[in-house]
Structures are given as structure tokens and as C-alpha cells.
Amino acid sequence: MRLFLKRDVSLGESAFVVCDEQGREKYRATVDKTKVGGKYRILVSGNDGQTVCKIRELPIVGTKTFVFKVNKKHVTFVAVPTANGVYSYFYGNNWHISGELASKNFVIIDVDKSEILRHSKRSGYCELEIFRESEEMYCVAVSICANLINTVEKLAVQAV
């Protein structure tokens with residue numbers, strides 16, 4: 001299954017829009033500003049307006065830590081930006097990331113070495129190729145969080 005993630009820069013509360021291969025909107029991610037404490041919460045809703053996933057960012061110094069809640073299952077995604085790249089970890093499943101999270105070109109791989117998601121940065125949007133439909137919402141959530149992490153596209157060395 002192929003989905004396309006695009007940043008929504010309209011004046012509303014929407015942050016990201018996920019479309020299918022025909023260009024129809026499938027999910028919309030909005031920022032919930034009524035949340036008190038922590039950093040913020042992102043609600044991902046389907047076409048019917050019902051929330052299908054909640055993403056919270058936890059305020060842990062030196063990391064970008066996100067918790068996804070789909071139905072009653074939680075998965076935690078931790079990204080640690082360093083000078084050598086972004087290291088990432090999952091808690092709640094056996095996934096790991098191969099590739100460059102910083103450049104938004106990466107693959108999520110399960111413990112059995114099967115691909116779950118191939119995330120590719122394109123001009124103006126990201127392409128998500130999802131290999132397991134049952135993990136679709138988690139793949140969308142990881143993609144949203146990867147695009148929230150501020151990184152530079154090309155690493156450069158600066159003379160001091």
C-alpha cells in the first residue's frame with residue numbers, strides 16, 4: 001500500500017495530510033492545543049472525523065520521545081539527535097530503523113528482517129510504502145514524528 005504524507009500549511013489546526021494513491025485524503029493530523037502539561041498532542045483522524053491515533057511528545061531532555069496510542073496499544077518511539085546522525089529506538093514492538101532518519105529516507109524493519117515501511121522524502125511530500133496493512137497507523141505515526149524532528153538535509157563540517 002502506498003500513501004503520501006504532506007505538511008498542511010493552511011491556517012487551520014491541521015499539521016499533516018495523508019493521501020492514498022488516487023490523491024484522496026485518508027488521514028488528517030491536527031495539533032491538540034487544549035492539552036495541559038507535556039509538550040503537545042497530535043490527533044490523527046480518518047475521513048469520518050473519528051480519532052484513530054493519538055501521538056504525544058514527552059518532554060525528555062536530549063531526545064525526541066513520542067508515544068503512539070492506537071486503540072488500546074501503546075508504542076514509544078525515541079529519537080536521539082547527535083552530531084553523527086539520529087539514533088532511534090522503539091519500545092512496545094520489535095522494530096528498528098535502517099537508513100537515515102535525518103534525511104527522511106529510511107526503512108522500518110521487524111525482528112524477522114521483513115520490511116514494514118519504506119519512507120522516502122520527495123520534493124514537497126513523503127512517500128510511505130507500507131508492507132503490512134495491520135501496522136498502517138503505526139507507520140503513519142512514525143512518519144509524522146520523523147517529519148517533526150528538525151534536522152538538516154546535508155551534514156556539513158564547519159571550520160572553527
Colleague: Parallel, tilted or perpendicular for Phe106 and His119, by the 30°/60° rule?
Modeller: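 Because their plane-to-plane angle is under 30°, the rings of Phe106 and His119 count as parallel.
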
Colleague: Cluster question for you: counting only ILVMFWY and a side-chain heavy-atom cut-off of under 4.5 Å, with indirect links fine, are Phe131 and Ile97 together?
Modeller: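 Result: no, two separate clusters.
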
Colleague: Does any part of the side chain of Ser143, heavy atoms only, come nearer than 4.5 Å to the side chain of Leu117, both counted from C-beta?
Modeller: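 Yes - at least one pair of side-chain heavy atoms lies under 4.5 Å apart.
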
Colleague: Under a single-linkage definition using a 4.5 Å side-chain heavy-atom cutoff for Ile, Leu, Val, Met, Phe, Trp and Tyr, are Phe4 and Tyr27 assigned to the same hydrophobic cluster?
Modeller: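 No, Phe4 and Tyr27 fall in different hydrophobic clusters.
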
Colleague: How about Glu21: does its CD atom have over 12 heavy atoms from other parts shown lying under 6.0 Å from it?
Modeller: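 Above 12, so yes.
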
Colleague: Examine distances only and state if a side-chain atom of Asp112 and a backbone atom of Ser114 form a donor-acceptor pair shorter than 3.5 Å.
Modeller: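 The answer is yes, because a donor-acceptor pair under 3.5 Å joins these two groups.
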
Colleague: Drop me the distance from Cys126's SG to Leu3's CG, to the nearest 0.5 angstrom.
Modeller: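 Those atoms lie 12.0 Å apart.
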
Colleague: Counting N and O atoms only, with roles assigned by atom type, does the side chain of Asn47 sit under 3.5 Å from a partner on the main chain of Glu25, one being a donor and the other an acceptor?
Modeller: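 Indeed, once roles are kept as given, a pair shorter than 3.5 Å links the two residues.
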
Colleague: For Asp8, is there an ion pair with Arg28 - N to carboxylate O distance below 4.0 angstrom?
Modeller: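 Counted as a salt bridge, because a side-chain N and a carboxylate O are separated by less than 4.0 Å.
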
Colleague: Quick check for you: to the nearest 0.5 Å, what is the distance between Arg41 atom CZ and Glu57 atom CD?
Modeller: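 Reported to 0.5 Å precision, the distance equals 14.0 Å.
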
Colleague: Go through the steps to decide whether Arg2 and Asp20 satisfy the test salt bridge (Lys or Arg N to Asp or Glu O under 4.0 Å), and finish with yes or no.
Modeller: CA-CA 7 Å; Arg2 192 166 296 197; Asp20 62 12; over 6 Å; no

Colleague: Is any side-chain heavy atom of Ile42 less than 4.5 Å from a side-chain heavy atom of Asp32?
Modeller: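 When only atoms from C-beta onward are counted, Asp32 and Ile42 do not touch, as no gap falls below 4.5 Å.
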
Colleague: Could you check whether Lys26 pairs with Glu136 (Lys NZ or Arg NE/NH1/NH2 to Asp/Glu carboxylate O, under 4.0 Å)?
Modeller: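 Salt bridge flag = yes for Glu136 with Lys26.
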
Colleague: Does any part of the side chain of Ile55, heavy atoms only, come nearer than 4.5 Å to the side chain of Ile144, both counted from C-beta?
Modeller: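 The answer is yes; the side chains approach within 4.5 Å.
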
Colleague: Going through the checks in order, is the side-chain contact (heavy atoms from CB on, under 4.5 Å) test met by Phe16 and Arg7?
Modeller: CA-CA 4 Å; Phe16 292 96; Arg7 186 82 183 209; 3.3 Å; yes

Colleague: Same cluster or not: are Val78 and Val75 linked, directly or through other Ile, Leu, Val, Met, Phe, Trp or Tyr residues, by side-chain heavy atoms under 4.5 angstrom apart?
Modeller: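 In one cluster with Val78: Val75, no.
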
Colleague: Compare all side-chain heavy atoms of Tyr125 with those of Cys19 and state whether any distance is below 4.5 angstrom.
Modeller: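 No, every pair of side-chain atoms sits at 4.5 Å or beyond.
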
Colleague: Quick one: do the Thr82 and Asn84 side chains pair a donor with an acceptor below 3.5 Å?
Modeller: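 No.
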
Colleague: Any idea which heavy atoms bring Cys53 and Met137 closest together, and the distance?
Modeller: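 So the two residues come closest at CB-CE, 3.5 Å.
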
Colleague: Give the minimum heavy-atom separation between Ile109 and Ser98, together with the two atoms involved.
Modeller: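 Looking at all heavy atoms of both residues, the closest pair is CD1-CB, 3.7 Å.
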
Colleague: Side chains of Val44 and Thr51: closer than 4.5 Å at any heavy-atom pair?
Modeller: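 When only atoms from C-beta onward are counted, Thr51 and Val44 do not touch, as no gap falls below 4.5 Å.
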
Colleague: Taking atom OG1 of Thr65 and atom OH of Tyr89, what is their separation to the nearest 0.5 Å?
Modeller: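 Taking OG1 in Thr65 and OH in Tyr89, the distance rounds to 11.5 Å.
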
Colleague: Tell me whether the rings of Phe90 and Trp95 are parallel (<30°), tilted (30 to 60°) or perpendicular (>60°).
Modeller: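 It falls in the perpendicular class, over 60°.
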
Colleague: Does Lys121 offer a backbone N or O that forms a donor-acceptor pair with the side chain of Asn105 under 3.5 Å?
Modeller: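 Judged by distance alone, yes, a pair lies under 3.5 Å.
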
Colleague: Find out whether Thr30 and Ser45 are in side-chain contact, i.e. whether some heavy atom of one side chain is under 4.5 Å from a heavy atom of the other.
Modeller: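 No, too far: nothing below the 4.5 Å cut-off.
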
Colleague: Output the distance between atom OG (Ser88) and atom CD1 (Ile108), rounded to the nearest 0.5 Å.
Modeller: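 One finds 8.5 Å between OG of Ser88 and CD1 of Ile108.
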
Colleague: Please tell me whether Ile116 and Met1 are part of a single hydrophobic cluster in this structure, the criterion being side-chain heavy atoms less than 4.5 Å apart.
Modeller: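 Cluster IDs for Ile116 and Met1 match.
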
Colleague: With a 4.5 Å limit on heavy-atom distance, are the side chains of His74 and Thr76 in contact?
Modeller: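 When only atoms from C-beta onward are counted, Thr76 and His74 do not touch, as no gap falls below 4.5 Å.
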
Colleague: Do Leu148 and Val17 share a hydrophobic cluster, counting only Ile, Leu, Val, Met, Phe, Trp and Tyr and linking them when any side-chain heavy atoms are less than 4.5 Å apart?
Modeller: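 In one cluster with Leu148: Val17, no.
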
Colleague: Look up atom CZ in Arg132 and atom SG in Cys139, then write down how far apart they are to the nearest 0.5 Å.
Modeller: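 If we round to the nearest 0.5 Å, Arg132:CZ and Cys139:SG are 9.0 Å apart.
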
Colleague: With a 4.5 Å heavy-atom cut-off, do Leu5 and Val140 have their side chains touching?
Modeller: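 Side-chain contact under 4.5 Å: no.
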
Colleague: To the nearest 0.5 Å, tell me how far Arg118 CZ sits from Glu127 CD.
Modeller: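 Rounded to the nearest 0.5 Å, the CZ-CD separation comes out at 10.0 Å.
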
